[in-house]
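Structure first, commentary second.
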Amino acid sequence: MNTREGFSNRLGFILAAAGSAVGLGNIWKFPYETGQNGGAAFLLIYIACTFLICYPLMVGEIAIGRKAQSDAYGSYKTLGNKKWGLIGLFGIICGVMILSFYNVVAGWAFGYFLEISFGSLLQEENFGNFFGSYVADVSDNLLFSLGFMVITAFIVVRGVKGGIETASRIMMPLLFFILIALIAYSLSLPNAMAGVRFYLMPDFSEITFETIYSAVGQAFFSLSLGLGGLITYGSYISKKENIIRSASMITIMDMSVAFLAGLMIFPLVFSQGQEPAQGPGLVFVVLPGIFQSMGPILGKIVGGGFFLLLCFAALTSTISLLEIPVAYLVDQKKKSRKLVVWVMAMVIFLVGLPSMLSQGAVRIFSSLPFYGNKSTLDFVAEVFSDISLPLGGLLMSIFIARRWTFSAFSDEVAEGNPKYKGSFVEKYIHIVIKYIAPVALGIFFVLIVLEKIFGMQF
Ligand code: PFF
């Protein structure tokens with residue numbers, strides 16, 4: 001008998017899945033991508049993609065996992081065959097690669113928490129310079145990202161209910177609260193409205209192909225979609241769960257946090273006269289300014305609190321990323337959970353070293369000649385996330401349409417939601433998975449490959 005452990009109830013699952021979704025993607029990546037890609041126009045495409053394409057695919061991913069009761073590879077294999085299982089395997093590899101660089105950025109966030117709360121970061125004069133030398137400093141980064149991976153592993157060893165769920169339950173609401181408080185503060189600063197305009201009034205002339213594919217990649221990354229993480233979590237929920245409702249709540253929570261993070265950052269960027277398109281350092285450079293202006297004591301408390309919460313948000317995501325290969329090895333290779341967790345955690349940490357050293361510490365990693373002299377971290381993030389996750393979504397939609405069939409898919413979603421069949425939502429989801437997602441994501445994929453690999457410009 002398969003005695004899979006499960007989440008204790010609906011809220012447990014939603015919080016864990018929303019915890020996976022909400023992370024550095026919302027608070028670190030989303031603002032800098034928005035800043036680099038023209039502000040409001042990017043936001044608009046990201047929101048459209050989230051609702052139009054990602055939401056139906058999320059329902060698909062959760063349904064696959066719940067039906068098959070297995071990990072990402074095992075689920076495709078059970079409902080399809082070994083060949084279809086390759087989609088799951090591809091997702092697991094993406095999960096490993098994403099975690100390898102994600103953990104590095106989480107280490108920066110942890111370092112900032114310490115430097116703000118207990119160090120002298122808030123006395124700096126130039127936060128841009130500070131960030132540059134901070135990420136190039138190997139010793140701190142090694143220590144903190146190793147620490148982050150160890151904490152992640154500890155929680156994942158404890159399993160679904162004990163570890164993953166409890167962690168999410170506490171951290172998510174706290175994060176929301178501090179974001180709202182910081183938004184109120186940042187909106188009250190001089191020139192804040194210029195930031196609000198940049199963020200909310202679209203300038204369509206800013207849209208390029210890069211804007212579109214960054215927004216699509218961001219939508220998938222932010223929702224933890226396209227690599228089998230939601231298959232894995234879906235396999236832990238009961239048949240009573242209403243997948244449609246859970247997926248809506250996860251999507252809305254995730255989008256709200258990203259939206260709020262933007263609303264917090266851009267007024268600050270403009271009130272400090274900073275450049276919105278400065279890239280991955282954005283939140284690390286801009287936020288300390290606001291904490292500094294709060295005075296030494298309050299600044300340490302609020303700033304430290306903020307980065308600590310960012311670490312928690314990142315932790316619920318690293319947990320879910322580590323769970324993807326772990327579930328695979330436990331389910332398919334029948335290995336002990338504890339052993340697999342520690343081995344995977346250490347392997348992934350090592351795989352992440354070139355990304356860690358790519359921020360100025362080691363020249364070859366910092367500027368890859370075969371990849372437009374971008375850093376290894378950029379390379380891994382673009383290849384395994386921006387490009388691969390939409391591809392994973394595309395392959396999943398083909399799997400549902402061609403192999404699993406829409407009627408079996410509908411039967412699964414209707415469990416726990418008797419009104420689903422014949423509803424408008426059902427038709428909408430089918431149309432997206434059958435036509436819109438394969439066509440749109442297929443075109444994107446071809447164009448991205450032409451641009452990234454063959455250097456064509458659109
Ligand atoms: N969604 C997470 C974030 O926005 O930070 C990142 C992520 C977690 C991606 C888990 C993929 C995943 F499976």
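Counting convention: from 1, in listed order, for ligands and their atoms alike. Being a predicted model, the structure only gives us computed values, none of them experimental.
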Do D140 and Y134 have a side chain donor and acceptor closer than 3.5 Å? yes

Check the side chains of D71 and Q332 for a donor-acceptor pair under 3.5 angstrom, ignoring hydrogens and angles. yes

Going through the distances and angles, do E412 and R66 end up as a salt bridge (Lys or Arg N to Asp or Glu O under 4.0 Å)? CA-CA 8 Å; E412 183 57 35; R66 188 175 69 176; 2.7 Å; yes

Of G226, S224, G91, the one whose closest heavy atom lies nearest atom 10 (C) of ligand 1 is S224

Is G95 near ligand 1, meaning one of its heavy atoms is under 4.0 Å from it? no

What part of [X] sits under 4.0 Å from ligand 1 if we count only heavy atoms: the side chain, the backbone, both or neither?
X: S320; value: side chain
X: I324; value: side chain
X: F221; value: both
X: L225; value: neither

Do ligand 1 and [X] have nitrogen or oxygen atoms that lie under 3.5 Å from each other?
X: A21; answer: yes
X: D254; answer: no
X: I98; answer: no
X: G229; answer: no

Do me a favour and list the nearest non-hydrogen protein atom to [atom] with residue, atom name and distance?
atom: atom 5 (O) of ligand 1; answer: Y102 OH, 2.5 Å
atom: atom 12 (C) of ligand 1; answer: L321 CD2, 3.3 Å
atom: atom 13 (F) of ligand 1; answer: L227 CD2, 3.2 Å

Taking 4.0 angstrom as the limit and counting only heavy atoms of [X], give me the atoms of ligand 1 inside it, by number and element.
X: N26; value: 4 (O)
X: G25; value: 3 (C), 4 (O), 5 (O)
X: S20; value: 1 (N), 2 (C), 8 (C), 10 (C)
X: L24; value: 5 (O)

Taking the side chain as every heavy atom from C-beta outward, state whether F306 and M264 have any pair of such atoms under 4.5 Å apart. yes

Side-chain contact, heavy-atom cut-off 4.5 Å: I62 with F13? yes

Look at the side chain of N141 and the backbone N and O of V135, then say whether any donor-acceptor pair between them is shorter than 3.5 Å. yes

[X] and [Y]: aromatic ring centres closer than 6.0 Å?
X: F291; Y: Y185; result: no
X: F148; Y: F110; result: no
X: F30; Y: Y46; result: yes

CG (L146) and CG (N103) are apart, to the nearest 0.5 Å, by 8.5 Å

Could you tell me which non-hydrogen atom of A314 sits nearest to which non-hydrogen atom of Y102, and how far apart they are? O-CE2, 3.8 Å

